[in-house]
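Report on one structure; see the data block that follows.
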Protein chains: 2
Amino acid sequence: MEKQTITIYDVAREANVSMATVSRVVNGNPNVKPTTRKKVLEVIDRLDYRPNAIARGLASKKTTTVGVIIPDVTNLYFSSLARGIDDIATMYKYNIILANSDQNDQKEVNVLNTLLAKQVDGLIYMGHKITDELRAEFSRSKIPVVLAGTVDPDEQVGSVNIDYEAATEQVVSELVAKGHQRIAFVSGSQTEEPINSIYRMKGYKKALADAGITFDESLIFETEYTFSAGEEIYSKLAEASATAVFVGDDELAVGVLNGALDHDVRVPEEFELVTANNSKLTEMVRPKMSTITQPLYDIGAVSMRLLTKLMNKEEVDEKTIILPHNVANRGTTK
Amino acid sequence: MEKQTITIYDVAREANVSMATVSRVVNGNPNVKPTTRKKVLEVIDRLDYRPNAIARGLASKKTTTVGVIIPDVTNLYFSSLARGIDDIATMYKYNIILANSDQNDQKEVNVLNTLLAKQVDGLIYMGHKITDELRAEFSRSKIPVVLAGTVDPDEQVGSVNIDYEAATEQVVSELVAKGHQRIAFVSGSQTEEPINSIYRMKGYKKALADAGITFDESLIFETEYTFSAGEEIYSKLAEASATAVFVGDDELAVGVLNGALDHDVRVPEEFELVTANNSKLTEMVRPKMSTITQPLYDIGAVSMRLLTKLMNKEEVDEKTIILPHNVANRGTTK
DNA sequence: ATGAAAGCGCTAACAA
DNA sequence: TTGTTAGCGCTTTCAT
């Protein structure tokens, strides 16, 4: 004998009212006489009735769930954003369907399609590059999209970031001011990721140019965002006689730092390093890493907040949001 | 003019077949003549028809989404499990609704209820303690539940873990064998978390007893799982004249390690440390941390795989799964 | 191999 | 303030 799920109809019958009335009290509609509300609530409680969100979604065309595409949850930068996203989502009664993409174009398209099939009310995308195919899906789907910690030169959808160019320029300038002539730039793909190829690189070049230092291609390195990649890359930095480095990802920076340490290089005395994301990793290693500080949790939180407004069709004066950044000089800079 | 969503009915009309037939081809039902299948597919493509998963869910009573309750995505231990869960979920065409609980009893109950309202087909729970209220919800909901990296003495639901007791015993025994008499035990709540209070503690005590060392309450510390908590706790370890420590969480262990280092204590020469989870944090710090090794990704992956079987009502011979562990002696032990 | 039709559990006009 | 009644877009018997 299967346990019979109890529906709005059962409640209506037991309470001697119509389904509509039950629906009203469940949804907090004020147009219900207090006494009938009480009666209905009593029955709901007695029968332990739980509204079926799927049926509700079909009828109302709103699911109160949003899709979140993330490169990799185990990357502290992204998981910090994700945490901010989920907290605000919960606050506004949304749930998130989380999907890892590994920045793989095909996976991203696949997952976006299943997310759309599941009728998510909105989407938050984290990644590095928005392919044309993805962009096309975004626009044909008519649900609001917000990019979190992700820039897209074509500013069609909402986004929340810091000013990567200014931040990078500031960091590199400080390094230059300390006398460094050979400052390396280590990041993920520079051909694929506008955040690196455009914004950070611009800031880097600007800082050099301002100091009259010639840009040297051999000081630019691109690799994947893992600490083991960073460890390997240190020797290349040494070969290129870099005396300081700016790294675009904290986990990668941990690798570079350890690469230096493992080569018995003293940091910061002989080699200075600044990283980019201020994830908690920066304070977990020794020496603690100097870094651009950015409010990771808030970037996620603000993204979700922006998305709720967009989903509600509220007015938003600016959907390209830039949050403040700063620089924290800790143990890896003099 | 609103963009009209196109439905299975539109496809049926355009292809001169019934909705049933369209449904069959969409669902890969073999009972369709190849020529009509082709015709339908052609129309689907031409109209760019996308099945509505919500409607499908309502009609079929299956949503192909599972709920995942996680204490905190920014904790590398849990995010590693989550990654395994998501990959296998994707492989089996499921999506995951991810919800952070902060191990807060009330949040857990709330989120579980909204997950059930959303008709998830199954649930994966990560946490430390299963309250009676939660357990009650589990059983009344009749959807399958699997605990990942989480033990529950009352083995009603599925679970995937390592043998925490044996692992801890092994680690502590090795420490004892090196001559340590005062080995501290640092973990999260020992009153709330069976994984600590029962399993790990049992292993710890056993190792001591085997060596004839008297258990000393003053060597037991409980705190929250953050590196800053770990840094603070180091001085207490020193006060208790501990010469070695077993820590139940990697981030916490990083804190303890740095606490020691910041006090100019040489590790491992003067103080040995072993941690418990083998997250990538263990290899990111210097010295690298010795640890119990456990297959984090696999714990998540196996949990999800088990859940798919349960959701399919397949036979499973054993739903309490113990994966193999080991011990890696790295830089924080001699 | 295909179609007709009854729901799935709820929301949202519209009436009353 | 409350009830009636169409759907929402699909799956799934049951016939044919």
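Proteins come first, then strands; the chains are lettered A, B, ... in the order of their sequence lines, and each starts at number 1. Note that this is a predicted model, so its numbers are computed, not measured.
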### Query
Do A:Tyr225 and A:Asp72 have side-chain atoms, one donor and one acceptor, less than 3.5 Å apart?
no

#### Entry: Contacts of B:Ala89 that satisfy side chain to side chain contact (heavy atoms under 4.5 Å, CB included) - sequence neighbours left out
B:Tyr94, B:Ile96, B:Met304

### Task
Using salt bridge (Lys or Arg N to Asp or Glu O under 4.0 Å) as the criterion, list what pairs up with B:Arg50, not counting sequence neighbours.
A:Glu137, B:Asp48

### Message
When you compare the side chains of A:Asn110 and A:Gln106, does any donor N or O come within less than 3.5 Å of an acceptor on the partner?
### Response
yes

### Task
Could you walk me through whether B:Ile85 and B:Met126 pass side chain to side chain contact (heavy atoms under 4.5 Å, CB included), step by step?
CA-CA 11 Å; B:Ile85 292 169; B:Met126 295 176 267; 3.8 Å; yes

### Query
Any chance the side chains of B:Thr64 and A:Lys118 put a donor and an acceptor closer than 3.5 Å?
yes

Could you give the side-chain donor-acceptor pairs of residues 23-34 of chain B under 3.5 Å, partners two or more places apart or in another chain?
residue	atom	partner	partner atom	Å
B:Ser23	OG	B:Asn27	ND2	3.3
B:Asn27	OD1	B:Arg56	NH1	3.1
B:Asn27	ND2	B:Ser23	O	2.8
B:Asn29	OD1	B:Asn31	N	2.7

### Message
Quick check for you: name the first and last nucleotides of DNA chain C, 5' to 3', having an atom under 4.0 Å from a heavy atom of chain B.
### Response
C:dA1 to C:dG9

### Inter-residue atom distance A:Leu123.CG - A:Ser141.OG, 0.5 Å rounding
7.5 Å

### Query
Quick one: side chain to side chain contact (heavy atoms under 4.5 Å, CB included) partners of A:Glu314, sequence neighbours excluded?
A:Lys309, A:Asn312

### side-chain contact (heavy atoms from CB on, under 4.5 Å) partner of A:Asn95, the single match among B:Ile97, B:Leu98, B:Thr65
B:Ile97

### Task
Report yes if the distance between the aromatic ring centroids of A:His128 and A:Phe78 is under 6.0 Å, otherwise no.
yes

### Query
About how many Å separate CG of A:Leu47 and CZ of A:Arg13, when rounded to the nearest 0.5 Å?
8.5 Å

### Message
Which residues pass the salt bridge (Lys or Arg N to Asp or Glu O under 4.0 Å) test with A:Glu42, not counting sequence neighbours?
### Response
A:Arg46

### Message
Under 4.0 Å, counting only non-hydrogen atoms across every strand here, what does B:Asn52 touch: a base, just sugar-phosphate, or nothing?
### Response
sugar-phosphate

### Task
Go through B:Thr5 and A:Lys142 one step at a time and tell me if the side chain to side chain contact (heavy atoms under 4.5 Å, CB included) criterion holds.
CA-CA 11 Å; B:Thr5 58; A:Lys142 86 247 175 201; 3.7 Å; yes

### Query
So which of residues 33-51 of chain B are in contact with DNA chain C, with a heavy-atom cut-off of under 4.0 Å?
B:Lys33, B:Thr36

### Message
Less than 4.0 angstrom from a charged side-chain N to a carboxylate O is my criterion; do A:Lys129 and A:Asp152 meet it?
### Response
no

### Covered region of DNA chain D, 5' end to 3' end, by chain A [heavy atoms, under 4.0 Å]
D:dT1 to D:dG9

#### Entry: Those residues of residues 9-20 of chain A lying under 4.0 Å from DNA chain C by at least one heavy atom
A:Met19, A:Ala20

### Query
Say you draw a straight line from CG of B:Asp87 to CG of A:Asn100; how long is it, rounded to the nearest 0.5 Å?
6.5 Å

### Message
So if I take the C1' atoms of five pairs at each end of the helix from C:dA1-D:dT16 to C:dA16-D:dT1 and get each local axis, what angle do the two axes make, rounded to 10 degrees?
### Response
30°

### Task
Return the set of residues passing salt bridge (Lys or Arg N to Asp or Glu O under 4.0 Å) with A:Asp102 (not counting sequence neighbours), or none when no residue passes.
A:Lys107, B:Arg83

### Neighbours of DNA chain C within residues 53-62 of chain A, by heavy-atom distance under 4.0 Å
A:Ala55, A:Arg56, A:Ala59, A:Ser60

